[in-house]
Amino acid sequence: METEKRSRYLLAYCTLAGLLASIVISGLLFSLDVISKTPSGTFFAVIGSSLGYYDSNTSPYIGLLLHFATGTVAGNLLGQGAIFWKKLIPFGFKRGTIVGVITGFSLWLVLFLPLTTYVIQPKLNMFNYSAPNQYVFVIAQHFQGLNTEVLIGSFFFHIIYGIILGLIAGRLVELKH
């Protein structure tokens with residue numbers, strides 16, 4: 001019974017840490033809009049419009065919600081993995097950071113890289129020639145030719161996500177035990 005209770009806490013802490021880390025990273029992505037002088041939520045609009053949500057009032061919110069969901073699920077998967085493989089338990093600062101970085105890198109490699117390369121970037125390229133509206137065309141124009149920069153930048157954002165995930169989960173797990 002004690003092991004089951006510990007497993008539930010571990011899963012809850014990692015899931016919560018994933019959500020919180022995705023919220024922090026999303027805030028940083030909003031700051032990129034300010035720096036690049038693009039409309040607020042442009043990064044998230046890329047996600048939304050790539051999935052067929054072309055409205056400027058809907059697209060960024062769809063992308064933002066999916067970003068939160070992805071970060072939360074990644075944290076949950078870390079927790080599930082840690083239940084079955086004790087070396088993945090993010091206990092404390094050092095182990096939490098290491099496990100978090102591995103999670104962030106894995107998320108970038110397994111999800112972000114293929115989705116960006118095979119779904120989102122081809123859609124943006126298509127939108128440069130045939131966009132459903134001006135809003136989507138402007139977004140596609142903004143990202144034209146930035147494929148390498150997006151991939152490299154996203155790599156670092158995923159590592160930062162992993163560090164935040166690991167630090168939060170590691171501290172929560174440490175406090176509980």
Side-chain angles (χ1 to χ4, degrees), residues 11-12 14-81 100-169:
L11 191 58
C14 289
T15 303
L16 176 62
L19 172 63
L20 295 174
S22 70
I23 289 170
V24 170
I25 290 299
S26 295
L28 291 175
L29 290 169
F30 275 112
S31 71
L32 280 181
D33 291 334
V34 173
I35 293 167
S36 65
K37 297 181 175 102
T38 56
S40 183
T42 296
F43 170 81
F44 302 108
V46 168
I47 298 169
S49 61
S50 294
L51 295 171
Y53 296 92
Y54 305 130
D55 179 66
S56 63
N57 294 318
T58 307
S59 183
Y61 294 110
I62 295 293
L64 181 63
L65 289 174
L66 286 172
H67 201 250
F68 288 163
T70 302
T72 304
V73 169
N76 182 276
L77 290 173
L78 170 61
Q80 289 184 47
V101 167
I102 292 168
T103 302
F105 173 73
S106 299
L107 187 58
W108 179 81
L109 185 67
V110 172
L111 186 64
F112 184 87
L113 193 59
L115 273 176
T116 299
T117 303
Y118 299 113
V119 177
I120 293 176
Q121 196 58 50
K123 275 276 205 174
L124 288 174
N125 291 341
M126 182 190 75
F127 290 152
N128 279 310
Y129 300 103
S130 177
N133 59 37
Q134 186 65 24
Y135 174 71
V136 174
F137 178 75
V138 170
I139 290 171
Q141 287 288 298
H142 177 72
F143 285 95
Q144 187 173 14
L146 295 178
N147 213 14
T148 303
E149 290 84 349
V150 167
L151 292 178
I152 292 170
S154 68
F155 173 80
F156 289 107
F157 273 98
H158 282 87
I159 297 301
I160 294 167
Y161 163 84
I163 291 169
I164 296 167
L165 166 71
L167 289 174
I168 294 171

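Here the structure is a predicted model, which means the values were calculated and not measured. Positions are given from 1, in the same order as the sequence printed here.
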Side chain to side chain contact (heavy atoms under 4.5 Å, CB included) between S26 and L64, worked out: CA-CA 8 Å; S26 295; L64 181 63; 3.8 Å; yes

Search all heavy atoms of N128 against all heavy atoms of F137 and return the closest pair with its distance. O-CE1, 3.4 Å

Sequence neighbours excluded, which residues qualify as ring-ring contact (aromatic ring centres under 6.0 Å, His included) partners of F44? F30, H67

Nearest 0.5 Å, please: how far is CG in L146 from CG in L124? 10.0 Å

Between the CD1 atom in I139 and the OG1 atom in T42, the distance rounded to the nearest 0.5 Å is 5.5 Å

When every non-hydrogen atom of G18 is compared with those of L165, the smallest separation belongs to N-CD1, 3.3 Å

For residues 103-118, pull every pair meeting side-chain hydrogen bond (donor to acceptor under 3.5 Å, both in side chains), keeping only residues two or more places apart or in separate chains. W108-S154

If I take atom CG from residue D55 and atom OH from residue Y61, how far apart are they, to the nearest 0.5 angstrom? 11.0 Å

Tell me if the CZ atom of F68 is crowded by more than 12 foreign heavy atoms within 6.0 Å. yes

Hey, are the side chains of L113 and L151 touching, using non-hydrogen atoms and a 4.5 Å cut-off? yes

Which atom pair, heavy atoms only, marks the closest approach of Y161 to G104? CD2-CA, 4.3 Å

Taking side-chain contact (heavy atoms from CB on, under 4.5 Å) as the definition, give me every residue that meets it alongside L77, ordered by chain and number, with sequence neighbours left out. V73, Q80

Minimum-distance pair of heavy atoms, taken over all atoms of P60 and G41: CB-O, 3.7 Å

For the NE2 atom of H142 and the CG atom of D33, what is their distance to the nearest 0.5 Å? 7.5 Å

For a 4.5 angstrom cut-off between non-hydrogen side-chain atoms, does Y135 reach P39? no

Checking L16 against I168 for the side chain to side chain contact (heavy atoms under 4.5 Å, CB included) test, could you report, in this order, the C-alpha distance in whole Å, the side-chain angles of both residues, the deciding distance, and whether it holds? CA-CA 9 Å; L16 176 62; I168 294 171; 5.7 Å; no

Evaluate the side chain to side chain contact (heavy atoms under 4.5 Å, CB included) criterion for residues F143 and F127: first the C-alpha distance (whole Å), next the side-chain angles of each, then the deciding distance (0.1 Å), finally the verdict. CA-CA 11 Å; F143 285 95; F127 290 152; over 6 Å; no

